[in-house]
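Here the structure is a predicted model, which means the values were calculated and not measured.
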Amino acid sequence: MSNPAPPAAASDESDLAYLKRLAAAGRGEPAPFLLLMAVFGGAYGFVMLAIWLGLVVEGIPQAVNGRVEAGPIVQTLNLGIFAAHISFLVALIWTIWRTLGPNRVRLSRAATATWSAAFIAMVTTVVSFRVFSQEQLPTDAVYAAYMMPPVLLTLWGCAWWVTAILNDRRWLLLVAVGSFAAAVALALIGNAPALLPAACACLLLLAFLPAVILMRQRPR
């Protein structure tokens, strides 16, 4: 029968276990938030890319009898925005289930705090812009909507920045800086035809692509 470990040894082992937990804190993968980010960037990015290509084919919509009507291709592709909303909602529900449900993925507190705060802030921002512009004049509502992409870019740039530091991935710092720079660029573009392709590039290159790369790099 083995002798029980002396109190000093047991204390050393508990201290070592504590140090291991402390060292591992904040270095977990941010999945399943990565899938949510990939769906967000991919769903809206590819839909906007298709709409932009439709505008290239059909031309910029012109005012007819005081109304601006897009061509049949763009009108059909606009339904893709609704599909993107549904895709993001499904991914959001799945992420909440995988984060808080009984079979949740074990994540570091830092990763959970960073990405949950980022997406809560993004959803809150979108809802706030909608509420703010609901009772405004149509022109005021449109101009308020143009500030939404820079704000969202800033929020997910912050999430990439924290993830890069916590997980020691320097290339993500470039993604974060690119997000901040893109936020300023979209604010400068404002109400211009270049806004659509610029926003599309931001979604695909600064949201969808980094999330896909990180998911492929996750340890299996």
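Side-chain atoms of W115 never come within 3.5 Å of backbone atoms of M37 as a donor-acceptor pair (strictly under, hydrogens ignored).
In this structure, L195 is a member of the same hydrophobic cluster as L204, with clusters built from ILVMFWY side-chain heavy atoms closer than 4.5 Å. In the hydrophobic clustering of ILVMFWY residues, with side-chain heavy atoms under 4.5 Å counting as a link, M122 and V90 come out apart. Hydrophobic clustering (ILVMFWY, side-chain heavy atoms < 4.5 Å, transitive): I51 and V56 are in one cluster. Cluster annotation: L92 and W97 are assigned to distinct hydrophobic clusters (Ile/Leu/Val/Met/Phe/Trp/Tyr, side-chain heavy-atom contacts under 4.5 Å, transitive). When the side chains of ILVMFWY residues are joined at heavy-atom separations under 4.5 Å, either directly or via intervening members, L205 and W171 end up in a single hydrophobic cluster.
Smallest separation of non-hydrogen atoms from L186 and A198: CD2-CB, 3.6 Å. Shortest non-hydrogen contact noted between L172 and A164 is CB-CB, 3.3 Å. Between L49 and C200 the shortest heavy-atom distance is CB-SG, 3.4 Å. The two residues M215 and L34 come nearest to each other via the heavy atoms CG-CB, 3.6 Å. Considering every non-hydrogen atom in both A183 and T154, the closest pair reads CB-OG1, 3.7 Å. Contact detail for V175 and P210: the closest heavy-atom pair is CG1-CG, 3.7 Å.
Within the model, atoms CG of D168 and CZ of R170 stand 6.5 Å from one another, a figure rounded to the nearest 0.5 Å. To the nearest 0.5 Å, the span separating CG on L53 from CG on L196 amounts to 9.5 Å. Remark: I81 CD1 to Y44 OH distance equals 7.5 Å, nearest 0.5 Å. Between S116 atom OG and L36 atom CG the span is 11.0 Å, to the nearest 0.5 Å. To the nearest 0.5 Å, atom CG of residue L203 and atom CG of residue L209 are 12.5 Å apart.
Classified by interplanar angle (parallel below 30°, tilted 30° to 60°, perpendicular above 60°), the ring pair F119/F33 is parallel.
Of the residues listed (F46, F88, F208), the one engaging F40 in a ring pair (Phe, Tyr, Trp, His ring centres under 6.0 Å) is F88, and it is the only one.
Ring centroid separation for the pair W161 and W156 does not come in under the 6.0 Å cut-off.
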TODO: List the steps and the verdict of side chain to side chain contact (heavy atoms under 4.5 Å, CB included) for V126 and L152.
DONE: CA-CA 9 Å; V126 173; L152 296 182; 4.3 Å; yes

Open item on the list: What verdict does the side chain to side chain contact (heavy atoms under 4.5 Å, CB included) test give for V127 and V131, after you've listed the backbone C-alpha separation in whole Å, the side-chain angles of each residue and the deciding distance to 0.1 Å?
Closed with: CA-CA 6 Å; V127 173; V131 172; 4.2 Å; yes

